[in-house]
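Below: one structure, written as structure tokens.
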Number of protein chains: 2
Amino acid sequence: MTIHASIAAAHAATSPKTRRAPARKPAKEASLSKAERRAETTEQILDEAEYLFSKHGLYGVTLKDVAKRADVHHTLVNYYFKDKDTLFNAVFERRAEVTRELRMKALEEYETVNAGNLTVEGALHTFLDTDLDLYGSGGEGWRNYGALASQVANTPEWGAKLMDKNFDPVVLKLVDIINRALPQASKVDIFWGYHFVSGALLLTLARTGRIDKLSDGLCRSDDFPAVKARMADFMAAGFKAVCK
Amino acid sequence: MTIHASIAAAHAATSPKTRRAPARKPAKEASLSKAERRAETTEQILDEAEYLFSKHGLYGVTLKDVAKRADVHHTLVNYYFKDKDTLFNAVFERRAEVTRELRMKALEEYETVNAGNLTVEGALHTFLDTDLDLYGSGGEGWRNYGALASQVANTPEWGAKLMDKNFDPVVLKLVDIINRALPQASKVDIFWGYHFVSGALLLTLARTGRIDKLSDGLCRSDDFPAVKARMADFMAAGFKAVCK
DNA sequence: ATTATCTATAGATCTATAGATAATGC
DNA sequence: ATTATCTATAGATCTATAGATAATGC
């Protein structure tokens with residue numbers, strides 16, 4: 001008898017003999033079509049996976065954890081998403097697409113409206129404020145996604161690759177605008193400046209609670225408006241100090 | 001018959017009947033005392049665990065992976081370190097202690113030597129350059145540790161707690177010096193400034209290779225001197241711009 | 001005599017799939 | 001008829017420990 005069989009046997013022995021017919025999950029909303037319900041379950045799984053991945057990382061989460069939180073049978077996670085990697089990628093790409101395109105549009109608009117009068121402050125405000133508004137006011141899902149993104153961005157190999165794939169164009173657009181705002185600056189200085197901006201933004205998105213404790217409550221990790229009020233100008237001054 | 005028994009049986013069947021007496025690992029250096037060899041094995045396990053944790057995080061590494069890389073029997077990891085958490089903490093604390101004390105001493109010396117003439121640049125150079133030298137020139141172990149620290153710092157809950165426990169005093173010392181250099185500034189602004197510095201430093205330590213790809217090779221993730229040449233002044237300008 | 005190393009194993013997972021059954025769609 | 005859900009399970013891990021054996025210490 002295999003281990004599994006003995007566990008099953010033990011379980012059967014302690015279970016009531018007269019089990020009710022397996023209780024399938026009833027339709028949550030009779031009014032929803034099959035396609036609508038599929039979409040809803042998919043989102044539900046994505047939301048809970050996002051939450052768990054943001055707290056414990058890819059390897060710190062099991063598919064069973066996800067199923068349990070999403071309140072679906074554990075085999076359904078494999079049914080809706082082929083495997084764990086597919087699920088993780090789906091979680092990451094869902095919102096990556098949104099922030100990527102929002103920022104790209106914002107930068108293009110800034111570029112058009114302020115052609116001939118580009119500034120580092122302007123470019124950074126456009127890039128950062130768009131994101132900080134999104135993460136700050138987009139609800140719990142966006143906050144979780146931010147924490148996840150910060151972990152991914154600090155993960156070598158596949159993490160960096162995932163960032164490259166999603167965000168290279170929008171970052172290069174930002175760098176290009178800053179470069180035109182500071183034509184005398186060297187590209188190397190500007191790239192390192194972006195690197196500093198990126199690190200500061202990512203730690204903000206992580207919302208680790210560390211700044212709260214350090215400042216004895218003066219600052220709060222989830223106070224995105226406070227970051228928005230300071231970050232672009234702080235970084236712009238940095239660019240100007242180094243790029244000359 | 002349990003699964004394990006059948007696996008063992010199958011294995012025995014395919015193994016040569018006349019197994020040599022189990023080949024214990026011979027002394028690497030006959031000259032080493034038992035205590036010295038224990039210390040060496042301990043360091044070996046710590047080094048390889050550090051490498052693996054830095055690449056895949058706490059949950060992405062198994063004790064068997066560590067044992068294999070460290071070239072010790074897999075049960076020895078539990079023998080030398082009670083369990084996985086103990087091992088992880090040992091890895092983290094080993095170098096945390098060094099960087100913590102190095103920076104604290106550097107800041108105290110800066111404070112003493114420049115009493116009455118404290119500057120943001122000076123404080124930041126002291127804090128950052130000490131660390132960047134260490135991670136840049138300390139060898140592979142320190143580079144791995146840096147990547148690990150950046151992951152820990154971006155991990156909510158236990159990650160942030162581990163950072164608090166190890167680095168709060170030295171950070172508060174830095175904040176205090178900056179505060180005295182900018183007496184008119186608000187504490188809130190200074191703490192947010194530190195938050196930006198911290199994020200930028202951590203992403204540097206992560207050495208994800210992202211800046212290399214973005215800049216098409218102009219910048220390199222492991223070019224700590226390039227960061228050292230720019231970071232303190234960049235950030236000091238940020239503090240001054242926001243704190244007034 | 002003490003410490004380090006290895007054998008063997010318990011017990012608990014985890015991921016993924018095949019196949020059965022129930023619910024919706026047309 | 002098609003899709004969603006559940007049952008049952010294979011097969012592969014993983015962590016941790018008890019107990020045996022070999023190597024060093026005194």
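Keep in mind that what you see is a predicted model, and the values were worked out from it rather than measured. Throughout, protein chains are lettered first and strands after them, A, B, ... in sequence-line order, and every chain is numbered starting at 1.
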Exercise. In whole angstrom, give the distance that lies between atom CD of Glu40(A) and atom P of dT24(C).
Key: 14 Å

Exercise. Grab the two heavy atoms, one from Phe196(B) and one from Met235(B), that are nearest each other, plus how far apart they are.
Key: O-CE, 4.4 Å

Exercise. Please state how far atom CZ in Phe88(B) lies from atom P in dT15(D), giving the value in whole angstrom units.
Key: 14 Å

Self-check item: Of the listed nucleotides dA8(C), dC6(D), dC14(D), the one nearest the side chain of Thr62(B)
Solution: dC14(D)

Quiz item: Can you name the closest pair of heavy atoms from Leu203(B) and Ser198(A) and give their distance?
Solution: CD2-OG, 3.7 Å

Practice problem: Tell me the partner of dA22(D), counting only Watson-Crick (N1-N3 plus N6-O4 or O6-N4) or G-U wobble (N1-O2 and O6-N3) with both under 3.5 Å; none if nothing fits. | Solution: dT3(C)

Quiz item: With nearest nucleotides of DNA chain D determined for Lys84(B) and Ala35(B) from heavy-atom distances, which residue corresponds to the more 5′ nucleotide?
Solution: Lys84(B)

Quiz item: Under 4.0 Å: is that the gap between some side-chain N or O of Asn78(A) and OP1 or OP2 of dT15(C)?
Solution: no

Quiz item: Among the nucleotides dC6(D), dT17(D), dA16(D), which one has an atom lying closest to any side-chain atom of Leu76(A)?
Solution: dC6(D)

Quiz item: Rounding to a whole Å, what distance do you find between Lys64(A):NZ and dT7(D):C1'?
Solution: 13 Å

Quiz item: Quick one: on DNA chain D, does Lys34(A) or Val61(B) contact a more 5' nucleotide (nearest heavy atom)?
Solution: Lys34(A)

Quiz item: Once you round it to whole Å, what is the distance between C1' of dA16(D) and CG of Leu87(B)?
Solution: 14 Å

Quiz prompt | Non-hydrogen atoms of Arg143(A) and Tyr135(A) that approach each other most closely | solution = CG-O, 3.4 Å

Quiz item: Of all the nucleotides listed (dT24(C), dT17(C), dT24(D)), which has the minimum atom distance to the side chain of Arg37(B)?
Solution: dT24(D)

Quiz item: Distance-only, no hydrogens or angles: does the Glu48(A) side chain make a donor-acceptor pair with backbone N or O of Val66(A) under 3.5 Å?
Solution: no

Quiz item: Rounded to whole angstrom units, what separation is found between the NZ atom of Lys82(A) and the P atom of dA18(C)?
Solution: 12 Å

Self-check item: Nucleotide opposite dA12(D) in a Watson-Crick or G-U pair, distances under 3.5 Å
Solution: dT13(C)

Quiz item: Taking the side chain from Thr204(A) and the backbone from Ala200(A), do they hold a donor-acceptor pair closer than 3.5 Å?
Solution: yes

Practice problem: Go through dA16(D), dA4(C), dT15(C) for me and flag the one nearest to the Tyr80(B) side chain. | Solution: dA4(C)

Quiz prompt | Length of the CG-P vector between Leu58(A) and dT15(C), whole Å | solution = 10 Å

Quiz prompt | Atom-to-atom span, NE2 of His74(B) to C1' of dA10(C) - whole angstrom | solution = 13 Å

Quiz item: OP1 or OP2 of dT3(C) less than 4.0 angstrom from a side-chain nitrogen or oxygen of Tyr79(B), does that happen here?
Solution: no

Quiz prompt | Spacing between His73(B) atom NE2 and dA20(D) atom P, to the nearest angstrom | solution = 16 Å

Quiz item: Within less than 4.0 Å of OP1 or OP2 of dA4(C), is there a side-chain N or O belonging to Arg38(B)?
Solution: yes

